[in-house]
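This report concerns only the one structure given below.
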Amino acid sequence: QVQLVESGGGLVQAGDSLSLSCAASGRTFTGYTMGWFRQAPGKEREFVTAIMWSGTTVYADSVKGRFTISRDNAKNTVLLQMNSLKPEDTAVYYCAAHRYYTRAPLYDYWGQGTQVTVSS
């Protein structure tokens, strides 16, 4: 059974930081792109960031310069460091894995999500 489990979400104030973790089990993701998506109530799931097997990273314009994605392949984990958080960042954040890079929410594997709430 393949699972991605997010953790680290919570309630913070604007300007604060949070670090999210994604723990994978059931398989390794050699060669895969790992990504983070988010979904706010009443809105579509949107791309946040992704990191390829090579280490190349891509960020949505809305988070560029504030968020950092990283991966530890030996530990089968993916991290999302979020700084200078804004109320607009409030959403459920999902970890995902796919065979290749794409911004579309069509990834092969998904976590259940973790809530991030940023108050003003």
Side-chain angles (χ1 to χ4, degrees):
Q1 183 180 4
V2 177
Q3 284 191 316
L4 299 176
V5 180
E6 303 93 339
S7 63
L11 173 64
V12 298
Q13 293 188 331
D16 286 352
S17 298
L18 271 180
S19 183
L20 306 183
S21 297
C22 173
S25 62
R27 65 159 293 170
T28 59
F29 290 95
T30 303
Y32 272 60
T33 291
M34 305 299 297
W36 288 93
F37 291 76
R38 66 188 183 186
Q39 188 167 24
K43 300 184 68 175
E44 298 294 314
R45 189 168 299 188
E46 67 171 346
F47 173 83
V48 177
T49 181
I51 182 167
M52 280 115 267
W53 180 251
S54 64
T56 299
T57 57
V58 181
Y59 297 91
D61 289 342
S62 59
V63 306
K64 193 171 298 181
R66 300 187 297 119
F67 290 11
T68 303
I69 187 172
S70 61
R71 66 193 294 173
D72 187 334
N73 297 319
K75 296 180 179 179
N76 218 21
T77 60
V78 186
L79 302 178
L80 179 64
Q81 178 64 45
M82 305 184 293
N83 299 325
S84 301
L85 283 162
K86 305 174 180 180
E88 306 93 271
D89 296 318
T90 295
V92 176
Y93 283 71
Y94 298 90
C95 176
H98 198 55
R99 291 162 289 169
Y100 54 87
Y101 165 71
T102 178
R103 288 173 176 258
L106 301 172
Y107 279 43
D108 296 325
Y109 302 99
W110 293 88
Q112 293 299 303
T114 185
Q115 177 71 47
V116 173
T117 303
V118 185
S119 63
S120 59

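As the structure is a prediction and not an experimental result, all values here were calculated from the model.
Minimum interatomic distance between Ala91 and Ala40 (heavy atoms only, all atoms of both residues): CB-N, 3.8 Å. Taking all atoms of both residues into account, the shortest heavy-atom contact from Arg38 to Ser62 is NH2-OG, 3.5 Å. Minimum heavy-atom separation, Val92 to Gly113: CG1-CA, 3.7 Å. Across Gly8 and Thr114, no two heavy atoms sit closer than the pair N-OG1, 4.3 Å. Across all their heavy atoms, Glu6 and Tyr94 have their closest contact at OE2-CA, 3.3 Å.
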Legend entry - Lys75/Ser21 under side chain to side chain contact (heavy atoms under 4.5 Å, CB included): CA gap, chis, key distance, verdict: CA-CA 12 Å; Lys75 296 180 179 179; Ser21 297; over 6 Å; no
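With sequence neighbours excluded, no residue satisfies salt bridge (Lys or Arg N to Asp or Glu O under 4.0 Å) with Arg27. For Ala74, the side chain to side chain contact (heavy atoms under 4.5 Å, CB included) partners are Asp72, not counting sequence neighbours. In this view, Glu88 satisfies the salt bridge (Lys or Arg N to Asp or Glu O under 4.0 Å) rule with no residue, not counting sequence neighbours. Residues meeting the side-chain hydrogen bond (donor to acceptor under 3.5 Å, both in side chains) test with Ser120, sequence neighbours left out: none. For Tyr101, the ring-ring contact (aromatic ring centres under 6.0 Å, His included) test picks out no residue, with sequence neighbours left out. Remark: Gln115 pairs with Thr117 by the side-chain hydrogen bond (donor to acceptor under 3.5 Å, both in side chains) rule, at least two apart or across chains.
Within the structure, salt bridge (Lys or Arg N to Asp or Glu O under 4.0 Å) pairs that include any residue of residues 93-103 comprise Arg99-Asp108 (at least two apart or interchain). Within the structure, salt bridge (Lys or Arg N to Asp or Glu O under 4.0 Å) contacts touching residues 110-120 (residues at least two apart or in different chains) do not occur. Sequence neighbours left out, the pairs with a member in residues 50-65 that pass salt bridge (Lys or Arg N to Asp or Glu O under 4.0 Å) are Asp61-Lys64. Residues in residues 11-23 take part in no salt bridge (Lys or Arg N to Asp or Glu O under 4.0 Å) pair, two or more places apart or across chains.
Alongside Leu18, the hydrophobic cluster contains Val2, Leu4, Val12, Leu20, Phe29, Tyr32, Met34, Trp36, Val48, Ile51, Tyr59, Val63, Phe67, Ile69, Val78, Leu80, Met82, Leu85, Tyr93, Tyr109, Val116, Val118 (criterion: ILVMFWY side chains under 4.5 Å). Grouping Ile, Leu, Val, Met, Phe, Trp and Tyr by side-chain contacts under 4.5 Å, direct or through others, leaves Tyr100 on its own.
Formation of a donor-acceptor pair under 3.5 Å by the Tyr107 side chain with backbone atoms of Thr102 is found in this model. In terms of modelled atom types and a separation under 3.5 Å, the side chain of Gln81 and the main chain of Ser19 share no donor-acceptor contact.
If you take CD on Gln112 and OG on Ser7, they are separated by 13.5 Å, rounding to the nearest 0.5 Å. Interatomic distance, Arg71 CZ to Thr77 OG1, rounded to the nearest 0.5 Å: 9.5 Å. Rounding to the nearest 0.5 Å gives a distance of 7.0 Å between CE of Met52 and OG1 of Thr57.
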